[in-house]
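These notes concern the structure reproduced below.
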Amino acid sequence: QVQLVESGGGLVQPGGSLRLSCAASGFTLGGFHIGWFRQAPGKEREGVSCISRRHSTTYYADSVKGRFTISRDNAKNTVYLQMNSLKPEDTAVYYCAADRSVLTSLCSIATVTYDYWGQGTQVTVSS
């Protein structure tokens with residue numbers, strides 16, 4: 001059974017850091033593009049970052065560029081999102097997702113691209 005489980009969310013003050021983890025079971029993450037997405041109350045889900053399956057090429061939304069870092073550990077079958085210099089506007093439920101397509105070498109942060117989704121983890125940035 002294909003499953004993605006996010007962890008690492010929580011409450012943090014502005015300027016603080018969190019590291020989110022996305023652990024996979026039932027499949028090997030290394031064979032998929034992996035994306036991180038977030039959804040704030042009353043807003044649509046938006047792409048944050050992604051990492052490609054073969055060469056680990058990364059992509060970031062402008063809103064998080066320079067503050068967030070995505071990485072993968074194939075041995076642990078886990079993808080991480082290191083979030084630094086957090087802002088109140090980063091508050092959202094964060095989801096990881098896997099894209100099984102083999103047609104593209106680069107990942108995308110378009111939600112429609114992704115086939116498998118985790119249940120999400122809450123990140124709240126507040127003083």
Side-chain angles (χ1 to χ4, degrees):
Q1 181 180 358
V2 172
Q3 191 173 16
L4 292 167
V5 178
E6 303 94 336
S7 62
L11 173 64
V12 63
Q13 292 187 343
S17 298
L18 284 174
R19 188 178 79 157
L20 305 183
S21 298
C22 172
S25 60
F27 69 105
T28 302
L29 273 181
F32 291 73
H33 300 322
I34 303 298
W36 281 99
F37 300 81
R38 66 187 182 186
Q39 188 166 19
K43 295 187 177 181
E44 292 190 355
R45 191 170 298 187
E46 63 173 353
V48 173
S49 180
C50 66
I51 186 165
S52 65
R53 67 180 178 279
R54 286 193 65 186
H55 302 296
S56 292
T57 304
T58 59
Y59 180 83
Y60 299 93
D62 288 343
S63 58
V64 306
K65 201 171 294 182
R67 300 187 299 121
F68 290 10
T69 302
I70 190 171
S71 62
R72 65 161 82 230
D73 185 335
N74 289 338
K76 294 184 178 180
N77 215 26
T78 300
V79 170
Y80 303 98
L81 185 69
Q82 178 67 44
M83 305 187 297
N84 299 329
S85 302
L86 283 162
K87 305 175 182 180
E89 51 263 44
D90 295 318
T91 295
V93 178
Y94 283 71
Y95 301 87
C96 67
D99 171 10
R100 64 186 175 185
S101 172
V102 297
L103 300 179
T104 60
S105 59
L106 298 177
C107 63
S108 163
I109 57 171
T111 56
V112 296
T113 304
Y114 288 81
D115 305 290
Y116 307 113
W117 291 82
Q119 83 291 344
T121 185
Q122 176 70 47
V123 171
T124 303
V125 185
S126 176
S127 55

| field | Heavy-atom closest contact (Ala97 atom, Phe37 atom, distance) | value | CB-CE1, 3.9 Å

| request: Run the numbers on Gln82 and Ser17 for side-chain contact (heavy atoms from CB on, under 4.5 Å), then give the verdict. | output: CA-CA 7 Å; Gln82 178 67 44; Ser17 298; 3.9 Å; yes

| Is the shortest heavy-atom distance from the side chain of Asn84 to the side chain of Thr69 under 4.5 Å? | no

| field | hydrophobic_cluster_shared for Val79 and Tyr116, side chain cutoff 4.5 Å | value | yes

| message | Is any side-chain heavy atom of Cys50 closer than 4.5 Å to one of His33? | response | no

| request: May I ask you to test the Ser105-Ser52 pair for a side-chain heavy-atom distance under 4.5 Å? | output: no

| Side-chain heavy-atom pair Asp115, Asp99 within 4.5 angstrom cut-off | yes

| said: Quick check for you: to the nearest 0.5 Å, what is the distance between Tyr94 atom OH and Leu18 atom CG? | reply: 9.0 Å

| query | Looking at CD of Gln122 and CG of Leu11, how far apart are the two atoms once the value is rounded to the nearest 0.5 Å? | reply | 9.5 Å

| Nearest-0.5 Å distance, CD1 of residue Ile34 to OG of residue Ser56 | 10.5 Å

| request: Using modelled atom types only, decide if a donor and an acceptor are shared between the side chain of Asn77 and the backbone of Phe27 within a distance under 3.5 Å. | output: yes

| query | Is the gap between the ring centers of Trp36 and Phe68 under 6.0 Å? | reply | no

| Does Leu103 offer a backbone N or O that forms a donor-acceptor pair with the side chain of Ser101 under 3.5 Å? | yes

| Side chain to side chain, Arg38 and Glu46, heavy atoms closer than 4.5 Å | yes

| note | One should read off an interatomic distance between Leu106 CG and Arg54 CZ, to the nearest 0.5 angstrom, of 11.5 Å

| Heavy atoms from other residues, nucleotides or ligands near NZ of Lys43 exceed 12 (cutoff 6.0 Å) | no

| field | Note, Glu6 side chain near Leu20 side chain (heavy atom, < 4.5 Å) | value | no

| task | Compare every heavy atom of Leu86 with every heavy atom of Arg67, then report the nearest pair and how far apart it is. | result | NH1-CA, 3.9 Å

| request: In plain terms, say whether Asp90 and Lys87 are close enough for a salt bridge, that is, a side-chain N and a carboxylate O under 4.0 Å apart. | output: no

| query | To the nearest 0.5 Å, what is the distance between OG1 (Thr28) and CZ (Arg53)? | reply | 13.5 Å

| query | Judged by atom type as modelled, is there a donor-acceptor pair below 3.5 Å linking the side chain of Gln13 to the main-chain atoms of Ser127? | reply | no

| query | Transitively linked via ILVMFWY side-chain contacts under 4.5 Å: Phe32 with Leu4? | reply | yes

| message | Students often mix this up, so state it plainly: with edges at 30° and 60°, are the rings of Tyr95 and Trp117 parallel, tilted or perpendicular? | response | perpendicular

| query | On the ring face of Tyr80, is Arg19 found with NZ or CZ under 6.0 Å from the centre and within 45° of the axis? | reply | yes

| query | Side chains of Ile109 and Val48: does their closest heavy-atom pair fall under 4.5 Å? | reply | no

| field | Closest heavy-atom pair and its distance - Thr111, Arg45 | value | CG2-O, 4.1 Å

| request: For atom CD of Glu44, decide whether the heavy atoms of other residues, nucleotides or ligands shown that lie under 6.0 angstrom number more than 12. | output: no

| remark: Between Thr57 and Cys107, the two heavy atoms sitting closest are O-SG, 4.0 Å

| task | Find the distance between SG (Cys96) and CD1 (Ile70) and round it off to the nearest 0.5 Å. | result | 9.0 Å

| said: If you apply the rule side-chain contact (heavy atoms from CB on, under 4.5 Å), what do you find for Ser49 with Leu81, and how did you get there? | reply: CA-CA 8 Å; Ser49 180; Leu81 185 69; 4.2 Å; yes

| task | Might you point out which heavy atoms bring Asn74 and Gly30 nearest each other, and give the distance in Å? | result | OD1-CA, 3.6 Å

